[in-house]
> 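Here you go, one structure.
Chain naming here is simple, since letters A, B, ... match the order of the sequence lines and numbering starts at 1 in each. For clarity, every value in this text was computed on a predicted model and none was experimentally measured.
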Amino acid sequence: MPPAISCVIPVFNGEAFLAEALDSVFAQTLAPDEVIVVDDGSTDGTQAVLRRYGDRVRYVHQQNKGPAAARNRGIGMARGDLVAFLDADDLWLPEKLAQQVACFAERPNLDVSLTQVRNFWIDELHAEMQSMQGHSLSAPALPGFVPQTMLARRWAFDRIGPFDEGLRIGEDTDWFLRATDGGAVLELVPQVLVLRRFHHSNLTREVSALRNNLADAVWRSLRRRRPLPPSDVKNGASLSTSKSGNEEEESRACYPDTRF
Amino acid sequence: MLSGHTLLKVKPDEIAAKIIEGEAILINLSTGMYYSMTGAAAFIWSQLTQESTVDRLSQAVAGQYGIEHVQAHGDVERLVGELLDEGLIVSSGDPSGPMTPEANPSSAPGAYVVPRLVKYDDMADMFALDPPLPELPLVPERKRA
């Protein structure tokens, strides 16, 4: 018997695409056992969209606190052994959960399954889509280190901790870095199983804030992995490269209490 | 060939960079590589964020750390070469006019350590969905969850 799956969808003023997102969840070949929508203070027609789904959706409303807080709320409500996320503007492909659950069956030590992502643009942004031809964002498959591809053991959040609610953007990268630094086992499914929609108000467009938070997250990650504070770095070769494997071993040796 | 007075500047479209507690963190969003620099290297990076040249950087490093200009020049030249090779900065010709003298930092610089760029390559996948977006037109920002 497969483990129970909870799907958590944070939404803020997502009436335009929420139904498509939900329909992609209910079209899964392996359906989740529950779908939790955390309304992060929407003021548009989000509730009206949700009413159409009746008791197929567990709904909770909170004051606007950002996507990290909304996801954390959903994790707290989740009853499943595995927790998945979907953003209200994105889509799952029908085999998404089935393929990822199979990964958990094959790898009992797996903590987090991720998938490849393909971006697409709304019709209104056709010109933007055309301008992105040849850009990496238009690649047919991109590694999906984003919540909407995740299927994670629920207790992974107990060990790694919740999403950092102080970050309105980049909180997912911060979480993934904490997870890998802590020794969690993450696996990237080679298939595209999530479609990410580009529209007018993607948080990704907040380039400056995103870059600031990415730099912060990397700095914190390096601190976690280091045996010594930066001021104690010794003279050495002018340029050195750290591979993830070696880095991880060093991390575990230095911070045994943070091992996952 | 890079001359001592070639203008150097950060590639703002492709680099996420921040100095935190004296450590410069750089992420090349085009390649997914990321880098750390501390001490004199972080100092040099802080100067580069306002454009500079090897000559001026050397002068600033020598003054900041009280070392011989010859040593500073050699160390700066090598670090700048690495930053160029990694695509973190670009050279943009010679200055057309006098440059504004660089401010002396107020904090104590600490002992001089040969400036060093430490490179990491283990997170490229994690940054793949956040590449530089130089071609995207500006669109109104709206909050969402």
> If you round to the nearest 0.5 Å, how far is CG of B:Asp130 from CG of A:Leu214?
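So the gap between those two atoms works out to 5.5 Å.
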> Given that the side chain runs from C-beta out, which part of B:Leu26 has a heavy atom under 4.5 Å from chain A: side chain, backbone, both or neither?
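Contact with chain A involves no heavy atom of B:Leu26 at all.
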> Please say whether more than 12 non-hydrogen atoms of neighbouring residues, nucleotides or ligands are located less than 6.0 Å from CD in A:Glu124.
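It does not: A:Glu124 CD has 12 such atoms or fewer within range.
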> Taking all heavy atoms of A:Leu142 and all of B:Ala128, pick out the closest pair and write down the distance.
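Of all heavy-atom pairs spanning A:Leu142 and B:Ala128, the closest is CD2-O, 4.1 Å.
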> Going from CH2 on A:Trp219 to CD1 on B:Ile25, what distance comes out if it is rounded to the nearest 0.5 angstrom?
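Between A:Trp219 CH2 and B:Ile25 CD1, I get 8.5 Å after rounding to 0.5 Å.
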> Is B:Ile27 close to chain A through its backbone or its side chain, or both, or neither, when contacts mean heavy atoms under 4.5 Å?
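The answer is the side chain of B:Ile27.
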> What distance do A:Arg223 atom CZ and B:Ile20 atom CD1 have between them, rounded to the nearest 0.5 Å?
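Separation between the atoms: 9.5 Å.
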> Begin with the C-alpha distance, continue with both residues' side-chain angles, and end with the deciding distance and a verdict on side chain to side chain contact (heavy atoms under 4.5 Å, CB included) for A:Asn213 and B:Lys18.
CA-CA 9 Å; A:Asn213 288 357; B:Lys18 189 173 180 181; 5.9 Å; no
> Specify the closest pair of heavy atoms between B:Asp13 and A:Arg211, including all atoms of both residues, with the distance to one decimal.
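Scanning both residues, the minimum pair turns out to be O-NH2, 2.5 Å.
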> What verdict does the side chain to side chain contact (heavy atoms under 4.5 Å, CB included) test give for A:Val218 and B:Phe127, after you've listed the backbone C-alpha separation in whole Å, the side-chain angles of each residue and the deciding distance to 0.1 Å?
CA-CA 11 Å; A:Val218 165; B:Phe127 301 127; 3.7 Å; yes
> In Å, rounded to the nearest 0.5 Å, how long is the span from CZ of A:Phe145 to CG of B:Leu129?
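Reported to 0.5 Å precision, the distance equals 10.0 Å.
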> Measuring from atom OH of B:Tyr34 to atom OG of A:Ser221, what distance do you get when rounded to the nearest 0.5 angstrom?
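It comes to 5.5 Å.
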> Tell me whether B:Glu23 is salt-bridged to A:Arg226, with the criterion being a basic N under 4.0 Å from an acidic carboxylate O.
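Answer for the salt bridge query: yes.
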> Given that the side chain runs from C-beta out, which part of A:Asp216 has a heavy atom under 4.5 Å from chain B: side chain, backbone, both or neither?
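A:Asp216 touches chain B through backbone and side-chain heavy atoms alike.
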> Distance check, rounded to the nearest 0.5 Å: A:Thr173 atom OG1 versus B:Met123 atom CE?
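It comes to 9.5 Å.
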> So which part of A:Asn212 gets closer than 4.5 Å to some heavy atom of chain B, the side chain, the backbone, both or neither?
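Answer is both: backbone and side chain atoms of A:Asn212 are under 4.5 Å from chain B.
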> Tell me, for A:Ile9 versus chain B, whether the close heavy atoms (under 4.5 Å) come from the side chain, the backbone, both or neither.
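Neither part; nothing is under 4.5 Å.
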